[in-house]
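What follows is a short report on a single structure.
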Amino acid sequence: MSDYRIGLTGGVGSGKSTVAAMLKALGAGIVDADQLVHELIAPGGAAIEQLRAEFGNDAITPDGGLDRARMRARAFSDSDVRRRLEAILHPRVRAAAESRAQALASSVPYTVLVIPLLIESGDWASRVRRVLVIDCAEATQLTRVQARPNIDRSTAEAILQSQADRTARLTAADDVLFNEAPLADLQPRVARLHAAYCRYASEAASPGAL
């Protein structure tokens, strides 16, 4: 087993969760930054009281969780709000991700850190051995994102604009999966990547490996 880590990233709507689920089914360990955020901002989550203090009671729903729709709208219309929100969440997510990755290392061939803002948060790159980018056309991203609850076109466009552009992501990539195809076509390509990652992890763990 291994602490070899892959950073999986891509623009919103590119299919990161789909690819992560396929890799998990093949035996990879998965640490999903978005899932960690959801845990932090759920009712009773570890970040709720700090978020309440920073943004007021209006930012918290009656059941005690973060009002995601309200805060999403505020964050993407005001860069200062987004910066303050990230200052609360990002350090907690990093700490939780590190803890979970360490816990997985003894039971998986490698671990995938699913990090939407890997390229934007440069310090993440030092924590992984390879970067896997899930890519698709921006028109496809917009269509997929608008299909989510409470997201209209203007919000979808704002989310895309807040992320690194495709060129920056692709430049940083060691591996790229273009995800416009049916799942049946994507699965064998994911399986080939999994086999390669298992091999890289094994080689990295071998005596004398670089």
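Please read all numbers here as calculations on a predicted model, not as lab measurements.
- Listed by chain and residue number, Arg153 satisfy the salt bridge (charged side-chain N to carboxylate O under 4.0 Å, His left out) test with Glu157 (two or more places apart in sequence, or in another chain).
- The two atoms that bring Asp3 and Ala105 nearest to each other are OD1-CB, 3.7 Å, heavy atoms only.
- Taking each heavy atom of Gln146 and Ala156 in turn, the nearest pair found is CG-CB, 4.0 Å.
- Every residue was checked against the side chain to side chain donor-acceptor pair (under 3.5 Å) condition with Asp185, not counting sequence neighbours, and none meets it.
- In terms of hydrophobic clustering, with Ile, Leu, Val, Met, Phe, Trp and Tyr side chains grouped at heavy-atom distances under 4.5 Å, Ile159 and Val81 are assigned to different clusters.
- With rounding to the nearest 0.5 angstrom, the CG atom of Asp80 is 5.5 Å from the CG atom of Asp78.
- A donor-acceptor pair is defined here as one N or O able to donate and one able to accept, closer than 3.5 Å; no such pair exists between the side chain of Ser99 and the backbone of Ala95.
- Nearest heavy-atom pair, Val108 versus Ala28, reported as atom, atom and distance to 0.1 Å: CG1-C, 4.3 Å.
- Of all heavy-atom pairs spanning Ser162 and Phe76, the tightest one is OG-CE2, 3.2 Å.
- Residues Val190 and Leu23 are in side-chain contact: their nearest non-hydrogen atoms beyond the backbone lie under 4.5 Å apart.
- If you take OH on Tyr110 and OG on Ser202, they are separated by 13.5 Å, rounding to the nearest 0.5 Å.
- Residues Pro109 and Ser2 are not in side-chain contact: their nearest non-hydrogen atoms beyond the backbone lie 4.5 Å or more apart.
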| task | Apply side-chain contact (heavy atoms from CB on, under 4.5 Å) to the pair Val19 and Leu193, showing each step before the final yes or no. | result | CA-CA 11 Å; Val19 173; Leu193 271 178; over 6 Å; no

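- One distance of note links CG of Leu118 with CD of Gln163; it measures 12.0 Å at 0.5 Å rounding.
- With hydrogens and angles left out, the side-chain atoms of Gln102 and Glu98 include a donor and acceptor closer than 3.5 Å.
- Using a distance-only test at 3.5 Å, with no hydrogens or angles considered, a donor-acceptor pair links the side chain of Arg84 to the main chain of Glu54.
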Using atom types as modelled, flag every donor-acceptor pair under 3.5 Å from a side chain in residues 174-182 to any protein atom, sequence neighbours excluded.
from   : atom 1 : to     : atom 2 : distance (Å)
Asp174 : OD2    : Val131 : N      : 2.7
Asp175 : OD1    : Arg130 : NH2    : 3.0
Asp175 : OD2    : Arg130 : NE     : 3.0
Asp175 : OD2    : Arg130 : NH2    : 3.4
Asp175 : OD2    : Tyr197 : OH     : 2.8
Asn179 : ND2    : Ser14  : O      : 2.7
Glu180 : OE1    : Thr140 : OG1    : 2.9
Glu180 : OE2    : Ala137 : N      : 2.8
Glu180 : OE2    : Thr140 : OG1    : 2.8

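- Listed for the Arg144 side chain is a donor-acceptor partner under 3.5 Å among the backbone atoms of Gly13.
- Looking only at side-chain heavy atoms (C-beta outward), Leu142 and Leu160 come within less than 4.5 Å of each other.
- Heavy-atom minimum distance, Leu26 versus His194: O-NE2, 3.2 Å.
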| request: Assess whether side-chain contact (heavy atoms from CB on, under 4.5 Å) is satisfied between His90 and Val93, documenting all intermediate values. | output: CA-CA 5 Å; His90 284 187; Val93 170; 5.6 Å; no

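- Val145 and Met71 are assigned to two separate hydrophobic clusters, defined by single-linkage of ILVMFWY side chains at heavy-atom distances under 4.5 Å.
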| message | Working note: Leu8 + Leu113, criterion side-chain contact (heavy atoms from CB on, under 4.5 Å); need CA distance, chi angles, decisive distance, verdict. | response | CA-CA 6 Å; Leu8 188 160; Leu113 303 182; over 6 Å; no

Considering only distance and modelled atom types, tabulate donor-acceptor pairs under 3.5 Å from the side chains of residues 34-49, sequence neighbours left out.
from  : atom 1 : to     : atom 2 : distance (Å)
His38 : NE2    : Arg68  : NH2    : 3.2
Glu39 : OE1    : Arg100 : NH2    : 2.6
Glu39 : OE2    : Arg100 : NH1    : 3.3
Glu49 : OE1    : Arg52  : NE     : 3.2

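- At a threshold of 4.5 Å between non-hydrogen side-chain atoms, the residues Val31 and Leu104 count as touching.
- For Lys16 (side chain) and Thr9 (main-chain N/O), no donor-acceptor pair under 3.5 Å exists by modelled atom type.
- Scanning both residues, Arg169 and Val133, for their nearest heavy atoms gives O-CG2, 3.5 Å.
- Taking CE of Met22 as the reference point, atom OG of Ser17 lies at 11.5 Å (rounded to 0.5 Å).
- To the nearest 0.5 Å, atoms CG (Asp165) and CD1 (Ile119) are separated by 10.5 Å.
- With Thr155 contributing its side chain and Ile151 its backbone, the two residues share no donor-acceptor pair below 3.5 Å.
- With sequence neighbours excluded, no residue satisfies salt bridge (charged side-chain N to carboxylate O under 4.0 Å, His left out) with Asp32.
- Of the possible donor and acceptor atoms, one in the side chain of Gln141 sits under 3.5 Å from a partner among the backbone N and O of Val12.
- Side-chain contact between Thr111 and Ile6: absent, with no pair of heavy atoms (C-beta onward) separated by less than 4.5 Å.
- Shown here are the salt bridge (charged side-chain N to carboxylate O under 4.0 Å, His left out) partners of Arg70, two or more places apart in sequence or in another chain: Asp67.
- A 4.5 Å side-chain heavy-atom check between Arg74 and Phe55 finds at least one atom pair inside the cut-off.
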